[in-house]
Amino acid sequence: ACCVTAAGALGRAAGRAARAVLPDCADEFVLCLDVAVGRRDGRHPAHAYLASLPAGGSQHAPTFPARSRRLLAGTDLGAAVARERAEVRGAAARLLGPLKAARPDVFGAIGEADVRWAREMVVTRAFRASLLGGGGASSSGDCGVLCPLLDLRNHDEGARQAYASGADSVAFAQRGPLPARGAELHTNYGPKKTNEAHMMSHGFA
C-alpha cells in the first residue's frame, strides 16, 4: 500500500483524468502525473513521501543545470540528454494543455517543471514492478514502482541483496558480508550498467 504505482495512480483523480482525456498515454506518464500532483496535494496517500523527495536537478543528467549539460556536448551522453529533454518538453507541451483544460481542478497548478521533476524521481528511484511483487502491466503498470525507504540506498557495485514480497509487504535482505554496525546499507543499481548509463539515470559515474 505504501508503494507508488501506475496502477494505484489510475485509482486516483490524476490517473483517472489522464486516461479519460488521453486514453493512449503511457503508464509512466500517468505515474509521473500522479507523482507531480501528489507532491502538492496533501490528500494524496503518498504526499508525505513525495513532498520529502529532493528538489531535483542533480540526480538525472537531463535535469542537470545548463552549465553542467554543456560539459557533455559532443558526447553520446550529451546527445541522449538533449533527446530526452526535447521529448519531455514536447510531451508536456502537447499533453498538459488538454489535461489542464479538461480538469483544472486536478492539473491547474501543474506545469512542465513539475512533470520534469516527477520524471526525474521516477527514473532515478523506481524499482522494477516484478522485484516488488508486481506482475507488470496488469498490477503495477508497465513501468517502475516507487518504494519509500528502500529507494534511499546508494549504489555500490559490490552490494548483494535479495527481495521477497507477499500480499501486503516487501522485504529486503543484505547478503553477506554485512557492513559494520552503524554503516550504510547499499544496493546495486545494476551490475552491468556502464558509467554512461549511471550518469544518465542517476547523475553519477
Side-chain angles (χ1 to χ4, degrees), residues 1-9 28 31-32 34-36 38-39 42 44-65 67-69 71-72 75-78 80-81 84 116-136 139-205:
C2 71
C3 293
V4 184
T5 69
E28 187 177 70
L31 178 60
C32 288
D34 186 57
V35 168
R39 182 193 192 192
H44 191 287
H47 170 72
Y49 162 62
L50 297 173
S52 76
L53 296 179
S58 63
Q59 301 175 72
H60 180 42
T63 66
F64 283 179
R67 64 182 180 279
S68 298
R69 296 197 311 272
L71 298 175
L72 303 174
T75 68
D76 290 343
L77 179 58
V81 163
E84 167 137 339
R116 191 183 308 116
W117 173 85
R119 174 156 171 75
E120 180 180 3
M121 296 304 110
V122 169
V123 167
T124 61
R125 309 182 87 86
F127 291 81
R128 297 189 309 277
S130 58
L131 193 67
L132 298 181
S139 62
S140 295
D142 189 21
C143 59
V145 174
L146 295 177
C147 188
L149 299 183
L150 288 185
D151 66 356
L152 290 175
R153 291 166 302 140
N154 287 316
H155 169 76
D156 182 336
E157 64 181 10
R160 300 174 66 239
Q161 65 260 315
Y163 295 89
S165 57
D168 60 358
S169 65
V170 175
F172 156 76
Q174 184 85 43
R175 292 178 173 171
L178 292 175
R181 186 179 182 89
E184 183 176 3
L185 285 175
H186 290 96
T187 187
N188 192 323
Y189 291 178
K192 296 183 179 179
K193 279 188 176 180
T194 62
N195 269 337
E196 186 177 69
H198 280 305
M199 181 70 81
M200 182 67 177
S201 296
H202 304 294
F204 69 85

If you compare all heavy atoms of [X] against all heavy atoms of [Y], which two are closest, and at what distance to 0.1 Å?
X    : Y    : answer
A51  : R39  : CB-O, 4.1 Å
H202 : V123 : CE1-O, 4.2 Å
V122 : V35  : CG2-CG2, 4.3 Å
T124 : H60  : CG2-CB, 3.8 Å
T5   : L31  : C-CD1, 3.6 Å
M200 : A80  : CE-O, 3.6 Å

Calculate, to the nearest 0.5 Å, the distance between atoms [atom1] and [atom2] belonging to [X] and [Y] respectively.
X    : Y    : atom1 : atom2 : value
D76  : E196 : CG    : CD    : 5.5 Å
Y189 : E157 : OH    : CD    : 13.5 Å
L185 : L150 : CG    : CG    : 10.5 Å
C32  : E120 : SG    : CD    : 11.0 Å

Close side-chain approach of [X] to [Y], heavy-atom, < 4.5 Å:
X    : Y    : answer
T63  : W117 : no
R125 : L53  : yes
P62  : R69  : no
R160 : N188 : no
Y49  : D151 : yes

Parallel, tilted or perpendicular: which describes the rings of F127 and Y163, with under 30° parallel and over 60° perpendicular?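 Rings of F127 and Y163: perpendicular, as their planes differ by over 60°.
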I want to check a possible cation-pi pair here: R153 against F172, using under 6.0 Å from ring centre and within 45° of the ring axis as the test.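 Yes, cation above the ring, under 6.0 Å and within 45°.
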Decide side-chain contact (heavy atoms from CB on, under 4.5 Å) for E84 and R119; before the verdict, give the C-alpha distance in whole Å, the side-chain angles of both, and the deciding distance to 0.1 Å. CA-CA 11 Å; E84 167 137 339; R119 174 156 171 75; 2.9 Å; yes
So does G38 get a backbone contact from the side chain of H47, meaning a donor-acceptor N/O pair under 3.5 Å?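 Here the side-chain-to-backbone pair exists.
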Please test H155 against H198 for side-chain contact (heavy atoms from CB on, under 4.5 Å), starting from the C-alpha separation and ending with a verdict. CA-CA 10 Å; H155 169 76; H198 280 305; 3.9 Å; yes
Would one find more than 12 heavy atoms of other residues, nucleotides or ligands at under 6.0 Å from atom CD of Q161?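 Yes, CD of Q161 has more than 12 neighbouring heavy atoms, counting only those of other groups under 6.0 Å.
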For V145 and R128, what are the C-alpha separation, side-chain angles and deciding distance, and is it a side-chain contact (heavy atoms from CB on, under 4.5 Å)? CA-CA 6 Å; V145 174; R128 297 189 309 277; over 6 Å; no
Go through the steps for H44 and D34 under the test side-chain contact (heavy atoms from CB on, under 4.5 Å), then give the verdict. CA-CA 9 Å; H44 191 287; D34 186 57; 3.1 Å; yes
